[in-house]
Amino acid sequence: MSATAEYINQLKQDGDFLTLSRNHEWHLEAGQFTLNNNTQVTIHDTGVIEFEPDCITSKNVVLSSAIHGNETAPIEICDELIKQIISGQLELQQRVLFIFGNPQSINIGKRFVEENLNRLFNGHHTVDGIAMNDERVRADKLEQYVSDFYARSEQGTYRCHYDLHTAIRGSKNEKFAVYPFLHGKPWKKSQLQFLLSCGVNTVLMMKSPATTFSYYSSFVHGADSFTVELGQVKPFGENDMSRFAKTKQTLTALISQKEVKYPEFNASDFELFSVHRTINRTEQNFSFPFSDDAENFTGFAKGELLATDGDNAIYADVEGEAIIFPNAQVAIGQRALLTVVPMQVDSRFS
Ligand SMILES: O=C(O)CCC(=O)N[C@@H](CCC(=O)O)C(=O)O
Ligand SMILES: [Zn+2]
């Protein structure tokens with residue numbers, strides 16, 4: 001029996017695409033099979049599996065996790081969904097592409113192996129003068145799998161991508177989403193309703209292009225796309241999965257129903273923030289004045305120190321400027337901190 005036929009046999013029995021991917025850290029031969037309910041299953045590579053039900057579909061849904069390997073809760077959610085689909089317990093009405101981004105980083109329990117995968121999208125994987133590494137090759141391939149998935153969709157059908165993460169620090173607002181820069185297009189209230197149904201009532205509006213996976217699928221493929229932070233990083237087995245029940249239910253409904261109705265939009269259900277600025281680490285000597293347990297969304301008074309980059313002391317320049325994703329260990333040149341300020345729903349939302 002060929003190696004591909006062997007793994008397919010196993011996968012049909014246990015649905016354990018996560019273990020299969022972890023056992024093939026950077027490459028797995030492509031394979032295909034059909035479920036008893038006629039859903040077509042295509043394994044494109046390690047960590048990349050597509051399901052196409054045998055019915056007319058209207059949505060093309062990408063669900064990614066493990067873009068950072070130590071962010072386990074989203075991996076567990078997607079693992080459960082994949083197992084339910086393969087066992088036939090969950091019957092799809094929409095096309096879905098699941099991606100476990102970086103299987104080797106899952107195995108070593110780290111954010112990344114050599115380089116942060118979520119800084120390599122939108123073409124940033126391939127740059128003249130910078131040597132390729134496994135993560136750069138992977139980012140290139142992931143873009144291609146997403147492109148092919150959308151290219152094979154029926155004309156006029158809907159595209160979305162939820163890139164599921166957990167944050168390094170605790171957060172005052174436990175779950176939040178990053179809405180990639182839309183280049184002036186309106187933010188969608190219907191997407192906020194979807195997020196709210198996932199248990200996410202806090203959304204940050206980016207105001208510039210990024211190298212993230214969610215920006216890539218939004219900008220290049222016109223998908224409704226978000227980075228979704230579902231809680232704080234924990235090792236496998238330590239996640240309280242009840243905290244993710246709403247997210248899992250909402251994702252399940254999205255892929256297994258022809259159409260999902262969300263409650264009517266009500267601005268007071270949300271806490272919205274616009275990104276005030278991005279602070280990059282430019283010097284070896286970079287530090288924060290606050291401790292490692294300072295939470296995301298902690299606000300600073302105008303004039304308070306936010307960070308020190310070499311000789312440059314950076315102070316809050318508006319009252320209540322709040323910190324998101326502070327990380328003094330990032331590579332030089334990368335984002336060490338985002339700051340946000342509250343915003344209201346206005347005519348820029350449709
Ligand atoms: O908690 C942290 O410091 C990082 C959590 C994380 O991985 N966040 C994403 C956000 C991506 C985006 O800005 O859309 C990341 O930093 O890649
Ligand atoms: Zn992450």
Side-chain angles (χ1 to χ4, degrees), residues 62-78 99-102 105-106 109-113 115-122 124-125 135 138-139 142 161-182 187 191 195 200 202-220 223-235 239 273-281 286 288 290-298 307 322-331 333-340:
V62 178
L63 297 177
S64 53
S65 61
I67 292 302
H68 296 129
N70 60 342
E71 299 176 4
T72 58
I75 302 172
E76 292 190 48
I77 295 171
C78 292
I99 296 176
F100 295 121
N102 192 337
S105 76
I106 304 176
K110 294 251 159 61
R111 190 163 165 79
F112 53 84
V113 181
E115 206 174 342
N116 185 346
L117 190 56
N118 217 18
R119 300 295 175 273
L120 298 174
F121 290 100
N122 211 28
H124 288 257
H125 42 74
E135 268 129 347
R138 182 74 172 163
L142 294 184
H161 175 194
Y162 302 105
D163 183 31
L164 309 175
H165 289 246
T166 49
I168 298 169
R169 292 171 184 252
S171 301
K172 286 186 189 299
N173 301 34
E174 188 199 41
K175 293 183 172 57
F176 59 99
V178 178
Y179 209 144
F181 180 48
L182 294 183
W187 297 297
Q191 282 300 296
L195 290 168
V200 179
T202 302
V203 185
L204 321 182
M205 313 297 170
M206 296 296 278
K207 58 180 188 192
S208 56
T211 56
T212 58
F213 204 11
S214 61
Y215 175 77
Y216 162 75
S217 45
S218 167
F219 179 63
V220 175
D224 281 334
S225 184
F226 293 83
T227 307
V228 188
E229 302 285 347
L230 292 173
Q232 190 175 6
V233 164
K234 297 253 184 327
N239 293 303
F273 294 86
S274 71
V275 170
H276 179 65
R277 56 178 157 163
T278 301
I279 294 170
N280 289 339
R281 176 186 186 186
F286 184 98
F288 294 116
F290 44 82
S291 66
D292 283 349
D293 56 13
E295 293 182 308
N296 289 315
F297 296 97
T298 301
I323 54 168
I324 307 287
F325 303 142
N327 185 348
Q329 313 307 324
V330 295
Q334 290 196 355
R335 175 176 91 191
L337 175 67
L338 272 182
T339 70
V340 295

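None of these values were measured; they are calculated from a predicted model. In each ligand, atom 1 is the first atom listed, and ligand 1 is the first ligand listed. Excluded from the calculations below are hydrogen atoms, water molecules and symmetry mates; all remaining heavy atoms, backbone and side chain alike, are included.
- Set against the non-hydrogen atoms of Arg111, the atoms of ligand 1 under 4.0 Å away are 4 (C), 5 (C), 6 (C), 7 (O), 15 (C), 16 (O).
- Of all atoms in ligand 1, listed by their number and element, those nearer than 4.0 Å to a heavy atom of Glu71 are 7 (O).
- Of the listed residues (Asn102, Thr166, Asn116), just one forms a side-chain hydrogen bond (donor to acceptor under 3.5 Å, both in side chains) with His68, and that residue is Asn116.
- Excluding waters, the protein N/O/S atoms found under 2.8 Å from the Zn ion (ligand 2) are His68 ND1, Glu71 OE1, Glu71 OE2, His165 ND1.
- Among protein heavy atoms, the minimum distance from atom 1 (O) of ligand 1 is reached at Ile168 N, 2.7 Å.
- Looking only at side-chain heavy atoms (C-beta outward), Thr202 and Glu229 stay at 4.5 Å or farther from each other.
- Counting heavy atoms from C-beta on, the side chains of Val220 and Asn122 come closer than 4.5 Å.
- Contact analysis puts Thr212 in contact with ligand 1, with a non-hydrogen atom separation below 4.0 angstrom.
- Closest to atom 2 (C) of ligand 1 among all protein heavy atoms lies Phe325 CD2, 3.3 Å.
- Under the salt bridge (charged side-chain N to carboxylate O under 4.0 Å, His left out) criterion, Glu174 pairs with Arg243, not counting sequence neighbours.
- With sequence neighbours excluded, the residues forming a salt bridge (charged side-chain N to carboxylate O under 4.0 Å, His left out) with Arg111 are Glu71, listed by chain and number.
- A centroid separation of less than 6.0 Å is found between the aromatic rings of Phe288 and Phe286.
- Checked against a 3.5 angstrom limit, the closest N/O atoms of Arg119 and ligand 1 fall inside it.
- Near Thr227, with a cut-off below 4.0 Å to any heavy atom, the atoms of ligand 1 are 10 (C), 11 (C), 12 (C), 14 (O).
- Of the N or O atoms in Asn116, none lie within a sub-3.5 Å distance of an N or O in ligand 1.
- Polar contact with ligand 1: absent for Arg169 (N/O pair, distance under 3.5 Å).
- The environment of Lys207 atom NZ is dense: over 12 non-hydrogen atoms of other residues, nucleotides or ligands sit within 6.0 angstrom.
- Under the ring pair (Phe, Tyr, Trp, His ring centres under 6.0 Å) criterion, Phe219 pairs with His183, Tyr215, sequence neighbours left out.
- A centroid separation of 6.0 Å or more is found between the aromatic rings of Phe273 and Phe176.
- Closest to atom 9 (C) of ligand 1, if we only count protein heavy atoms, is Glu229 OE2, 3.5 Å.
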### Message
side-chain contact (heavy atoms from CB on, under 4.5 Å) for Tyr216 and Leu142? Distances and angles first, verdict last.
### Response
CA-CA 11 Å; Tyr216 162 75; Leu142 294 184; over 6 Å; no
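- The closest side-chain heavy-atom distance from Asn118 to Asp163 is below 4.5 Å.
- Nearest heavy atom pair, residue Thr278 against residue Arg335, reads CG2-CG, 3.6 Å.
- Of the options Asn118, Val178, Ile67, Asn327, the smallest heavy-atom separation from atom 11 (C) of ligand 1 is shown by Asn118.
- An N or O contact shorter than 3.5 Å is missing between Met206 and ligand 1 by distance.
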